[in-house]
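Notes follow once the structure below has been shown.
When a residue number appears, it is its place in the shown sequence, counting from 1.
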Amino acid sequence: MANTQAMTTSFMGELMTATHNFGVAPTRGTTAVDSFKAALYLTSATVNASTTAYSASNEVSGTNYVAGGVAVTFGTPPTANNSSTTAGVAFVTPSASITYTTVTLSTAFDAVLIYNSTQSNKAVSVHTFGSQTITAGTFTLTMPSNTTAAALLRIATT
């Protein structure tokens, strides 16, 4: 088993049906932006492009870690960029780091699943990093710049 970084295949299809709303001004039938969460997974888990929804199976557990993870804030709506010098790119990055405060996670973990808790816990993406453990500390995933080249979630035309 291994965790693999990827935008989930189900998420890409769900974009076409407007299932997910990262924006600040919803354009579908609801009046609220969706809520997203980030759950950490053990090194022995298998979360990857085939993951369709959050599951507690193989999620980390420990002191001060709440099953399901923490809230992810998208304060800036997705941006689309298309110029004569670059292919069209749509992108979005959480507006704040993802932080798990004062946790003890003694079993090794190496992946985070971002998922849409408003839409039946549908998976968005998996991000991997080196194997970690933490004892009574804060674990922070620092977000990249919200740009065409660095954003956490990017979709580009070719």
Check: [Y] main-chain N/O paired with [X] side-chain donor or acceptor under 3.5 Å:
X: S95; Y: G75; answer: yes
X: T8; Y: V124; answer: yes
X: R154; Y: A90; answer: no
X: Y54; Y: A38; answer: no
X: N48; Y: Q5; answer: no
X: S55; Y: S57; answer: yes
X: N146; Y: A151; answer: no
X: E59; Y: G68; answer: yes

When rounded to the nearest 0.5 angstrom, what distance separates [atom1] in [X] from [atom2] in [Y]?
X: Q119; Y: H20; atom1: CD; atom2: NE2; answer: 7.0 Å
X: T51; Y: K122; atom1: OG1; atom2: NZ; answer: 13.5 Å
X: N116; Y: F36; atom1: CG; atom2: CZ; answer: 4.0 Å
X: I114; Y: H127; atom1: CD1; atom2: NE2; answer: 4.0 Å
X: I134; Y: T63; atom1: CD1; atom2: OG1; answer: 11.5 Å
X: T140; Y: I98; atom1: OG1; atom2: CD1; answer: 10.0 Å

Test of understanding: clusters of I, L, V, M, F, W, Y form through side-chain heavy atoms closer than 4.5 Å, transitively. Do [X] and [Y] belong to the same one?
X: L141; Y: L105; value: yes
X: V66; Y: V103; value: no
X: V60; Y: V47; value: no
X: L152; Y: V70; value: yes

For [X] and [Y], which heavy atoms make the closest approach, and how far apart are they?
X: Y41; Y: A45; result: CB-CB, 4.0 Å
X: A39; Y: Y115; result: CB-CE2, 4.1 Å
X: T138; Y: T102; result: OG1-N, 3.6 Å
X: M143; Y: A96; result: CG-O, 3.4 Å
X: A111; Y: V126; result: CB-CG1, 4.4 Å

Minimum side-chain heavy-atom gap T93-P144 below 4.5 Å
yes
Look at the rings of F129 and F109 and say which category their plane angle falls in: under 30° parallel, 30 to 60° tilted, over 60° perpendicular.
perpendicular
If you apply the rule side-chain contact (heavy atoms from CB on, under 4.5 Å), what do you find for T128 with D110, and how did you get there?
CA-CA 6 Å; T128 58; D110 68 351; 5.5 Å; no
I would like to know whether K37 and L113 meet side-chain contact (heavy atoms from CB on, under 4.5 Å); could you show each step before the answer?
CA-CA 8 Å; K37 294 187 86 175; L113 171 70; over 6 Å; no
Between L40 and Y100, is a side-chain contact (heavy atoms from CB on, under 4.5 Å) present by the stated rule, with each step listed?
CA-CA 10 Å; L40 296 172; Y100 305 84; 3.7 Å; yes
